[in-house]
Each structure stands twice: as structure tokens, then as C-alpha cells.
Protein chains: 2
Amino acid sequence: MELDQLTECYKAMADKTRLNILALLRHEELCVCELVEILKMTQPSISQHLRKLKQAKLVKERRNSQWIFYSIDGEIYPFIKANLEALPDMTEKIEELKQSGNKVCC
Amino acid sequence: MELDQLTECYKAMADKTRLNILALLRHEELCVCELVEILKMTQPSISQHLRKLKQAKLVKERRNSQWIFYSIDGEIYPFIKANLEALPDMTEKIEELKQSGNKVCC
DNA sequence: ATCGTATATAAACATATGGTTATATACTAA
DNA sequence: TTAGTATATAACCATATGTTTATATACGAT
């Protein structure tokens with residue numbers, strides 16, 4: 001694979017917030033406001049991290065009315081699955097979101 | 001796996017020079033001066049990249065008299081093999097080094 | 001059309017990163 | 001010991017990166 005493309009991929013993964021996002025999206029697609037809620041970060045910050053992940057083709061987006069849902073893409077990287085499997089389980093965070101009632105709003 | 005450790009690992013891989021080094025070490029262990037010769041970069045620059053890779057536990061070193069040979073470590077990463085396999089083949093670069101006579105000097 | 005919500009983008013700033021030059025350390029050979 | 005080679009570290013600088021605040025855009029409901 002091209003080194004430039006690989007470098008962009010690893011740059012995208014070289015940030016704790018973005019690894020958190022990937023770990024969360026591994027469970028299910030989420031919209032920006034849900035990520036904001038779970039990660040306790042500002043919306044612009046999350047948006048910019050998502051943009052980097054999208055540019056690296058690690059996530060893809062799907063619009064549903066006012067919400068934009070992000071999910072894992074990673075088709076182009078043969079090794080992406082192995083990397084995702086090393087990420088910590090985020091089931092608890094997702095559960096917390098659902099129980100807080102902030103899941104349905106999106 | 002811990003996100004902090006994973007972040008450090010991806011940070012270490014998020015640079016073209018370091019991916020080049022990993023791609024080269026995939027073939028065989030090399031010392032600093034050989035990497036300097038192959039990558040046409042200054043010695044301090046290579047040294048600092050190697051330090052990052054070593055801190056991330058992606059490479060290990062072995063001293064042999066005045067030379068320090070670096071090789072792939074990555075034991076702690078379950079996915080390291082999959083990532084290394086995505087790196088381009090560097091056989092040619094290694095061959096060039098050997099034929100230039102710069103291999104024996106180290 | 002207007003308002004409210006969700007998301008993206010821009011500008012500004014502080015910190016991190018990579019390269020260079022200079023210097024220090026470690027080892028070998030004489 | 002001294003000289004020469006290999007490597008590491010430090011100081012400096014330019015650029016990249018992540019966060020924040022402010023603003024713009026997109027969509028739905030009224």
C-alpha cells in the first residue's frame with residue numbers, strides 16, 4: 001500500500017479522542033450529538049475529529065433528516081479489522097447513553 | 001488494550017519516515033548508519049525517529065560493538081503483524097544497500 | 001418565512017512535532 | 001592515552017495539530 005495513504009490513516013488514529021470515537025462506532029453508528037454527550041466534548045471539536053476520520057476513509061456518514069450518523073468504513077484498509085479489535089469495549093458508554101434518554105433524541 | 005498505549009503506538013506510526021523504517025526492518029535488522037544511507041536523511045533525524053519507535057515498543061535495539069541494530073518488536077500489539085503486512089516491499093532498497101558496499105561497513 | 005436543533009467551518013491560540021546544527025557519549029583501534 | 005566512527009541528545013526553529021469561541025449552513029416544525 002502507498003505510504004502516504006497509510007500515514008494519513010495512522011495520523012487519523014493517532015489521537016485518543018479519535019480512538020474513542022472508533023471504539024464507540026465499532027458497536028453501532030452514532031450521530032455527532034451522541035458522541036458529544038458520551039465524550040463530554042464540544043460539538044466543533046467532535047466534528048473536526050470526525051472530519052479527519054472521514055478524510056482518512058476510516059468512517060463514513062449517512063444523513064437522516066437533521067442528524068448525520070457516522071459509522072466505521074475502513075474498506076480500503078486490509079488491516080483495519082485487527083486494529084479495531086484491539087480497541088477497548090465501550091458497551092457501558094453506549095448503555096449509559098441509552099439510559100440517560102439521550103439516545104432517542106437523535 | 002489501553003487507549004493511551006494505543007495512541008502512542010499510532011502516533012509512532014503516523015509518520016512517513018517511521019513507516020519507511022518499519023517497512024525496512026520488516027526485512028532484516030539494520031543499524032542507524034544503514035538507515036541513514038537508505039533513507040538519505042541526517043543521522044540525528046533517524047535517531048530521533050528510532051527513539052519514538054522504541055518508546056512505543058515497536059522496535060527493539062541490540063548493540064554490537066559500535067553499532068546499534070534495530071529490529072521489529074511489537075510483541076505487545078496483537079495487530080502489529082497485520083499492519084506490517086500492509087507496508088510496501090523494501091527488498092530493492094536493501095539490495096541497493098548491499099550492492100553499494102555500505103552493508104559490510106556496519 | 002421564522003425559529004430551533006444539528007452540524008460544519010473559520011479564526012485564534014497554545015502545544016506538539018519534525019528537521020537542522022552543534023555537541024556529548026560509547027565503542028574500537030592504534 | 002588519542003583519534004576515529006557510530007549513535008544519542010540538546011537547542012532552535014518552522015510547521016502541524018487540537019481546542020475554543022464565534023459564525024455559517026442544513027434541516028424540520030410551525
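Values in this document were obtained by computation on a predicted structure and should not be read as measured data. A, B, ... follow the sequence lines: proteins, then strands. Residue 1 opens every chain.
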For C/dT20, does either OP1 or OP2 sit under 4.0 Å from a side-chain N or O belonging to B/Thr42? yes

Taking only the side-chain nitrogens and oxygens of A/Arg63, find out if one of them lies under 4.0 Å from OP1 or OP2 of C/dA6. no

May I have the distance from A/Leu19 (atom CG) to D/dG18 (atom C1'), rounded to whole angstrom? 15 Å

Nearest-Å distance for atom pair CG/P, residues B/Asp15 and D/dA16: 13 Å

Below 4.0 Å: OP1/OP2 of D/dG18 and any side-chain N or O of A/Lys52: yes

What nucleotide, of C/dA22, C/dA8, D/dT7, holds the atom closest to the side chain of B/Pro44? C/dA22

Enter the distance from A/Leu35:CG to A/Gln43:CD here, rounded to the nearest 0.5 Å. 11.0 Å

Measure from the side-chain heavy atoms of A/Gln48 and tell me the nearest of D/dT19, C/dT7, C/dG19. D/dT19

Nearest-Å distance, CG (B/Leu39) to C1' (C/dG19)? 14 Å

Does a nitrogen or oxygen in the side chain of A/Ser65 sit under 4.0 Å from OP1 or OP2 of D/dC27? no

Return the minimal non-hydrogen interatomic distance between A/Leu3 and B/Pro88, and the atom names on each side. CD2-CD, 3.7 Å

Of the listed nucleotides (D/dA8, D/dT19, C/dA8), which one gets closest to any side-chain atom of A/Met41? D/dT19

Hey, does B/Lys16 reach any base, or is it just sugar-phosphate, or nothing, if we go heavy atoms under 4.0 Å? nothing

Base C/dA8 to side chain A/Gln43, donor-acceptor N/O within 3.5 Å cut-off: yes

In whole angstrom, what separates A/Leu50's CG from C/dT9's C1'? 14 Å

Judged by nearest nucleotide, the residue sitting upstream toward the 5' end of DNA chain D, A/Ala14 or B/Val32, is B/Val32

Respond yes when some side-chain nitrogen or oxygen of B/Arg51 is under 4.0 Å from OP1 or OP2 of D/dT9, and no when none is. yes

Earlier contact from the 5' end, DNA chain D, for A/Gln66 and B/Ser45: B/Ser45

Would you confirm whether A/Arg18, through its side chain, and A/Asn20, through its main-chain N or O, come within 3.5 Å as a donor-acceptor pair? no

Separation of atom NZ in A/Lys11 from atom P in D/dT15, rounded to whole Å: 15 Å

Going by salt bridge (Lys or Arg N to Asp or Glu O under 4.0 Å), B/Lys98 matches just one of B/Glu28, B/Glu34, B/Glu37. Which one? B/Glu28

Taking atom P of D/dG18 as reference, at what distance in whole Å does atom CD1 of A/Ile46 sit? 13 Å

OP1 or OP2 of C/dA6 sitting under 4.0 Å from any side-chain N/O of A/Tyr70? no

Provide the closest heavy-atom pair for A/Lys57 versus A/Asp73 in the form atom of the first, atom of the second, distance. O-CB, 3.8 Å

From CZ of B/Phe69 over to C1' of C/dA26, roughly how many Å is that when rounded to an integer? 15 Å

At what distance, to the nearest 0.5 angstrom, does CD of B/Gln48 lie from OG1 of B/Thr42? 8.5 Å

Roughly how many Å is it from CD in A/Glu8 to P in D/dA16, rounded to a whole number? 14 Å

Does C/dG19 have OP1 or OP2 under 4.0 Å away from a side-chain N or O of B/His49? yes

